[in-house]
S.K.: 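Below is a structure I'd like to ask you about.
None of these values were measured; they are calculated from a predicted model. By convention in this document, chain letters (A, B, ...) are assigned in the order of the sequence lines, proteins followed by strands, and residues within each chain are numbered from 1.
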There are 2 protein chains.
Amino acid sequence: MPQTHPLNQEVTLSVIKTACSNCNLRELCLPLGLTLEELEQLDNMVSTRRRIKRGDHLYRAGEAFDAIYAIRSGFFKTDVLLEDGRDQVTGFQMAGELLGLDGISTEHHTCNAIALEDSEICAIPFSRLEVLSREIHTLQHHFHKVMSREIVRDHGVMMLLGTMRAEERLAAFLLNLSQRFTARGFSHAEFYLRMTREEIGSYLGLKLETVSRAFSRFQEEGHIAVQQKHIRILNVNGLKALMHHRAV
Amino acid sequence: MPQTHPLNQEVTLSVIKTACSNCNLRELCLPLGLTLEELEQLDNMVSTRRRIKRGDHLYRAGEAFDAIYAIRSGFFKTDVLLEDGRDQVTGFQMAGELLGLDGISTEHHTCNAIALEDSEICAIPFSRLEVLSREIHTLQHHFHKVMSREIVRDHGVMMLLGTMRAEERLAAFLLNLSQRFTARGFSHAEFYLRMTREEIGSYLGLKLETVSRAFSRFQEEGHIAVQQKHIRILNVNGLKALMHHRAV
DNA sequence: GCGTTCGCTTGATCCATGTCAACCATAAAT
DNA sequence: ATTTATGGTTGACATGGATCAAGCGAACGC
């Protein structure tokens, strides 16, 4: 029994426009590997597609968890707050990536998700995702992979925070961004940062001054050109070398 | 069609002895919340129960992934190795916890799992786990929670590495261990460390000398008594205060 | 157009932790 | 019992990044 809105062509159009099946991110997002028919089932499940204005929260730590979110467009950060006021950015998320996986554990979100630019998200009610993934094996398996990938990513960040020095961290960060922009069809060598130096620093376990100095140093050495948030990578291999060549 | 070993009482006995249904860790492990009947299905799935001697690898980074492992007894560490030789301990795992979740993502293990004492593990073939969790909703949901909990844990470590200083990190580490030992019915105030100062340091992003000095300092201040690997916590609140009270 | 604000850069100084080195304790090997 | 190896402690010193402080540039509101 397909849902229709015979009295409102607008709504129908908007639904079609934002369906997973038409979304050019589907190969990066949850639908990866699904057949057309399965895609439709997933589409029916996505309850809400919503705009989040820059600076607004998608969810806050402590709120009840009931859905995970796929980013349709835009850019987010997640951060964790400690009682004593310290906070840390735990990640930056871009189109096609999922937000909210941390909430499954306790049924409450454990971090804040904040839009760093005007964004659009698709809300996927988690209980329905579990139902559907019992039916669609591909979806089940892919969802598991996505969660696992998040764990692997976190290990990478732990590595970075635990063993790398400031410039290595920043080089790794830039290369990671570049790679993710590339996967989305953008230039690998030129992009705008959506986050401040302070947010980068928080993510990398550094102070904003240190981030700024490292940017300047990279520029002096010809690895990149920086102008505020505009980054051009001039020498990828230089950055890669920076990441690894280190006196242990 | 139940599997039996009519010709070999030994085997039957050993299987019974190590079944999930008889395992006193089942409330900490994957079987949480399952009915007796479901437990039996899970039991049938666990393909291997294996001993791992201290120092031996359960799996190595790069190996094909096909099972996750539940720790039946013992103690493990996982670590990640970078090309340039740097490595980092990404976690310490004890009885009832799962190992290998990181391998789902790429179908290859991304870290090494090494026994820190003689241990026993249950191997759970992942494809069969996916099949079974399509049938047993409770299992499916709990598995998702376990993965999510791992993500939350990793965020905690990122917080620790990114914002805490040496003594705060060590205090957090000790309190975490204490809490996990308690959950397993051991003393919360007295335990033996299974890992070296170097391994603790690697996990906490510190050098072994710094770890050693922090232990000594805690002892001087009366928070703990240390003698090599034997730890007694004398003042839990002292440690908690150490973790939070900090001039930002 | 002009001030105000916010984010960024740069310099000077300080300090927590790393590094290097010596020594000690425990356990295993002979 | 003695040697050897491994892990732990402690001290002296070096240093990377934090902190404090000043100034600059771009964006925004008026």
S.K.: Donor-acceptor pair, B/Arg72 side chain versus B/Ala70 backbone, under 3.5 Å?
M.R.: no
S.K.: Measure distances between side-chain N and O atoms of B/Arg213 and base N and O atoms of C/dT19, and say whether any donor-acceptor pair falls under 3.5 Å.
M.R.: yes
S.K.: To the nearest Å, how far apart are B/Gln219 CD and D/dT9 C1'?
M.R.: 11 Å
S.K.: Please lay out, stage by stage, how A/Glu221 and A/Arg217 fare under the test salt bridge (charged side-chain N to carboxylate O under 4.0 Å, His left out).
M.R.: CA-CA 6 Å; A/Glu221 290 172 354; A/Arg217 193 112 197 284; 3.3 Å; yes
S.K.: Please report the distance, rounded to the nearest Å, between CD1 in A/Ile231 and C1' in C/dC8.
M.R.: 12 Å
S.K.: Can you tell me if CZ on A/Arg184 sees more than 12 non-hydrogen neighbours from other groups inside 6.0 Å?
M.R.: yes
S.K.: Taking side chain as C-beta onward, heavy atoms only, is B/Arg49 less than 4.5 Å from B/Ile121?
M.R.: no
S.K.: B/Thr106: which residues meet the side-chain hydrogen bond (donor to acceptor under 3.5 Å, both in side chains) condition with it, sequence neighbours left out?
M.R.: none
S.K.: Relative to each other, are the rings of B/His230 and B/Tyr192 parallel, tilted or perpendicular (30° and 60° limits)?
M.R.: parallel
S.K.: Strictly under 6.0 Å, is that where the ring centroids of B/Phe186 and B/Phe191 end up?
M.R.: no
S.K.: For the side chain of B/Arg169 and the backbone of B/Met164, is there at least one donor-acceptor N/O pair under 3.5 Å apart?
M.R.: yes
S.K.: Check the distance between C/dT9's C1' and A/Phe215's CZ and give it to me in whole angstrom.
M.R.: 12 Å
S.K.: Check the distance between C/dG7's C1' and A/His230's NE2 and give it to me in whole angstrom.
M.R.: 18 Å
S.K.: Could you list the protein-to-nucleotides 13-17 of chain C atom pairs, N/O on both sides, closer than 3.5 Å?
M.R.:
residue: C/dT17; atom: OP1; partner: B/Ala166; partner atom: N; Å: 2.7

S.K.: Under 4.0 Å, counting only non-hydrogen atoms across every strand here, what does A/Ser212 touch: a base, just sugar-phosphate, or nothing?
M.R.: base
S.K.: Starting at atom CG of B/Leu204, determine the distance to atom P of C/dG18, rounded to an integer number of angstrom.
M.R.: 11 Å
S.K.: Please list, for nucleotides 23-29 of chain D, all pairs of protein and nucleotide N/O atoms separated by less than 3.5 Å.
M.R.:
none

S.K.: State whether B/Thr196 places a side-chain N or O below 4.0 Å from either non-bridging phosphate oxygen (OP1 or OP2) of D/dT6.
M.R.: no
S.K.: Is it the case that C/dC20 (base atoms only) and B/Glu209 (side chain only) share a donor and an acceptor within less than 3.5 Å, ignoring hydrogens and angles?
M.R.: yes
S.K.: Rounded to whole angstrom units, what separation is found between the CD atom of B/Glu199 and the P atom of D/dT6?
M.R.: 14 Å
S.K.: Does the ring center of A/Phe65 lie less than 6.0 Å from the ring center of A/His108?
M.R.: no
S.K.: D/dT9 phosphate, OP1 or OP2: any side-chain N/O from B/Arg197 under 4.0 angstrom?
M.R.: yes
S.K.: Expressed in angstrom and rounded to an integer, what is the separation of B/Glu198 atom CD from C/dT19 atom C1'?
M.R.: 14 Å
S.K.: Would you kindly give the CD1-to-C1' distance between B/Ile200 and D/dG8, to the nearest whole Å?
M.R.: 11 Å
S.K.: To the side chain of A/Leu208, which of D/dT9, C/dT9, D/dG7 is closest?
M.R.: C/dT9
